[in-house]
Amino acid sequence: MAIDYSGMAFFLTKSERTLRRWENEKPEIFNMMLEQYAEQVKQQSNNTSVVIATVSLKGGVGKSTISDAFGFYMDDSIILNLDLAQPASQVNACPTIDYVDHIENQSVAEIIHELSQKYRYVIIDTPGDPTAEVLEALKYATKLIIPMTVGKRTRQATESTLHTFFGEGTVLTGVYDVFFLFNAYTDKKKRDEAAALFKEAYEEFKPYAAVKLNPKLGALDASNAISTAEESGKSIFQMVQENRTAYATAAKKMTVLCNQIEEHFKLN
């Protein structure tokens with residue numbers, strides 16, 4: 001398993017360069033510090049929030065929509081938006097912090113640590129590229145939501161995502177609950193075909209996995225009601241609360257999805 005040097009540096013107030021040097025020159029001291037860091041991480045996971053990341057190597061698959069809906073659905077949640085080009089704090093229904101507003105003063109690790117002391121759930125919304133900020137955030141997440149589209153390239157996209165995030169050389173360590181989601185599909189037959197391709201690709205990938213995964217596959221069909229709610233800066237759940245009966249069906253489907261994610265992540 002890869003050693004989280006940046007995490008150790010943050011918790012132990014040492015530079016990464018010093019830690020890497022001590023690993024070779026002072027292995028006894030390094031191993032002692034590694035044990036201390038592991039204990040701190042364990043205590044933090046027991047005493048602070050659950051960090052959930054919504055990730056994909058492809059843009060436009062609904063990461064922000066799902067992050068906002070799930071964050072609003074769960075109590076005591078906040079979103080950390082890492083997409084520097086698309087601020088979300090003014091449009092999300094769930095409380096949101098845009099990293100672009102803090103990039104000059106705080107690292108991703110520092111913000112996650114700070115939010116973990118205040119909120120039960122920290123949901124990290126990511127851009128479509130595996131940037132340094134995304135890779136840093138994934139070191140602290142324990143649950144991952146991976147939205148996907150239904151299409152002919154489902155298998156290739158699945159293989160790319162699996163190998164990039166979970167294959168050899170990954171920054172992730174340990175065990176991860178992962179909720180794969182076919183989002184905004186319009187044809188059930190195509191969804192079922194894509195699901196078969198996904199499962200085939202996942203089975204072929206398993207021997208190459210560098211971390212242990214606990215996967216589940218779900219789906220949410222396309223809905224104009226969800227898009228309209230999002231454009232208004234409100235959650236689909238808020239629209240129903242305002243007696244907008246036209247949104248009831250979409251809200252019910254979103255509730256089912258959020259409940260599935262909650263159960264898979266063992267948050268209830």
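Numbering starts at 1 and runs along the sequence shown.
For the ring-ring contact (aromatic ring centres under 6.0 Å, His included) condition, the pairs that include at least one residue of residues 198-225, sequence neighbours left out, are H163-F205, F180-F198.
A donor atom on one side chain and an acceptor atom on the other are not found under 3.5 Å apart for S64 and S67. When only modelled atom types and interatomic distance are considered, S89 and D98 share a side-chain donor-acceptor pair under 3.5 Å.
Residues passing the side-chain contact (heavy atoms from CB on, under 4.5 Å) test with S223 are A225, I226, A250, sequence neighbours excluded.
Put simply, the side chain of S116 gets close to the backbone of I112: a donor and an acceptor are under 3.5 Å apart. A side-chain donor-acceptor contact under 3.5 Å links N31 to the backbone of P27. No donor-acceptor pair closer than 3.5 Å links the side chain of Q117 to the backbone N or O of E114. Remark: side-chain polar atoms of D68 are not paired, donor with acceptor, to backbone N or O of N92 under 3.5 angstrom. In this structure a side-chain-to-backbone donor-acceptor pair under 3.5 Å is present from K63 to K58.
Cluster membership for I66 and V91, using ILVMFWY side-chain heavy atoms within less than 4.5 angstrom, is not shared.
No salt bridge links E263 with K266; every basic N to acidic carboxylate O contact stays at or beyond 4.0 Å. A salt bridge does not link D187 to R191: none of the charged nitrogens lies less than 4.0 Å from a carboxylate oxygen.
Here the NE2 atom belonging to H264 is positioned 10.0 Å from the CD1 atom belonging to I145, to the nearest 0.5 angstrom. Here the OG-CD distance, from S107 to E133, works out to 10.0 Å after rounding to the nearest 0.5 Å.
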